[in-house]
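Scroll down for the structure; my scribbles are underneath it.
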Amino acid sequence: MEVTTLTELLDVRVLDRLETIDDLPAGDLARSTALRREGFSAEVTAALLTQAQLRNEAVGKFGPYAAEMLFTRDGLAQATRLPVAAHHARRLLAGRDPGVGGTVRIADLGCGIGADAFAFAGLGASVEAVDADEVTAAIAAFNLRHLPDAHVEHALAGDVDTSGFDALWFDPARRRIGRGNARGSTSRITDPDEFSPSLTWVIEQAQQAPAAGVKLGPALDHDLIPAEAEAQWVSHSGDVVEVCLYFGTARQRPGRSALVMGERTLLVHEDDVPETDEDRLGELGSFLLEPDGAIVRAGLVTALTGPLQARRLHPSIAYLTSDVAPTGPAAAGVSAYEILDVLPAKVPSLRKELVARGIGSVVIKKRGADIVPDQVRRQLKLPKGDKATLVFTRLGDRHIVLLTRPVVVEG
Ligand SMILES: C[S@@+](CC[C@H](N)C(=O)[O-])C[C@H]1O[C@@H](n2cnc3c(N)ncnc32)[C@H](O)[C@@H]1O
């Protein structure tokens, strides 16, 4: 989106039209014709239709607040989901006592469309946010308009004097993008020194602050985590969304942790990993447990073995097996499958076994097996029949297929 289009979009009459856009007949063409007839320019009409669509897409991240916000496509893609942003806010505010009548001052250095800043200010902090992109900064200012203690500027993170802040927040751009356009193509940046701002600079700032958080992609190389930081991988409703490095008073315990957020919450820390779990490695039980992606990314799969009375199937594969169905708080960290049978991995023999059991449709899961599920499903050419979940994996050196049934995990 061009700055001039955004300026026009911010006109009260145009924003009012956005509020009531669902009153128009459905379909982009019909809406575009109606808006043009009402006198809106081609650019404003396109911007209105894009914003209406982005608001719909944003409901998953922002719930009802989406209907009051503006977005760029890139800004929405990179924005933190609101419940996760609220978690960031709680971490940055923890232990920062503002004193009587005071507020905790947070600097958000690369605020995007303002999702994290929204949570910081919403939980009572005073927020100074900057973004290097002019349109994105203006949109963040719009999104934060009801929060008087939040201010946004179009500026570079490196130009902000961070000395007076109680906490710093960084969510460096990890994709190469054009300007704040609605539909620009993006590509993932793999070298952390090409993040914007660079990871080296961000970590230096974070280490000097009283409290700081640095949101990064969950594939972060563990070797890049500074020793004094807490690195927390987070999943929300089954999706691994980030790893966040916490410093100063925002850090609870140094080391790696995984936070599973959703209907139930689970926090696992590297201190929970047992000294050794070699005892019954590779001995198949009655259940297969698939740990949540945040726990896998954090390298903390074995932290679940004690609480779930489970053991690993293979030293380098992130499946566990147990003789009892998972229960208790740690059960929030796994999906569970009852193991009904062990079948051969070769397609012709596997097909024979499945047909003999009346199975006609399969969900295929895999870890440690070099297969393409769609290809296997096609090769199996099963006749109509019951549904089953197949797990292609390894037991020691042996390639196996587990015939399983998903189990509802009790909390
Ligand atoms: C991942 S997004 C932030 C998303 C934000 N936390 C949210 O939840 O909405 C990163 C933002 O940093 C901005 N940015 C990149 N380099 C910057 C710099 N040197 N100074 C300030 N902002 C920068 C980008 O324009 C982008 O909007």
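The chain is numbered in sequence order, starting from 1. Here the structure is a predicted model, which means the values were calculated and not measured. Indexing begins at 1, ligand by ligand and atom by atom, following the structure's order.
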- Query: Any idea which of A115, A157, C111 brings a heavy atom closest to atom 5 (C) of ligand 1?
  - Reply: C111
- Which residue from L82, T136, D131, T80 reaches closest to atom 24 (C) of ligand 1 through any of its heavy atoms? D131
For the residue pair [X] and [Y], confirm or rule out a side-chain donor-acceptor distance under 3.5 Å.
X: D161; Y: S163; answer: yes
X: E57; Y: Q53; answer: yes
X: S235; Y: D292; answer: yes

Please check whether [X] reaches ligand 1 - meaning an N/O of the residue sits under 3.5 Å from an N/O of the ligand, judged on distance alone.
X: D116; value: yes
X: K215; value: no
X: A132; value: yes
X: R174; value: no

- Does the gap between the ring centers of F118 and F62 come in under 6.0 Å? no
Which ligand 1 atoms does [X] reach within 4.0 Å, using its non-hydrogen atoms?
X: G114; result: 9 (O)
X: A155; result: 21 (C)
X: A79; result: 7 (C), 8 (O), 9 (O)

- Locate the shortest heavy-atom distance separating V160 from V130; write the atom from each residue and the value. CG2-CG1, 3.7 Å
- Of all the heavy-atom pairs spanning P218 and V241, show the shortest one and how long it is. CD-O, 4.1 Å
- Mode of A140 contact toward ligand 1 - side chain, backbone, both, neither (heavy atoms, under 4.0 Å): neither
- Query: With a 4.0 Å heavy-atom cut-off (strictly under), which part of A117 contacts ligand 1: side chain, backbone, both or neither?
  - Reply: neither
- Task: Please answer whether the main-chain N or O of A369 pairs with a side-chain N or O of R394 as donor and acceptor at a distance below 3.5 Å.
- Result: no
- Message: Under the side-chain contact (heavy atoms from CB on, under 4.5 Å) test against V243, which residue among L216, I225, V214 passes?
- Response: L216
- Item | Whether I113 lies under 4.0 Å from ligand 1, heavy atom | yes
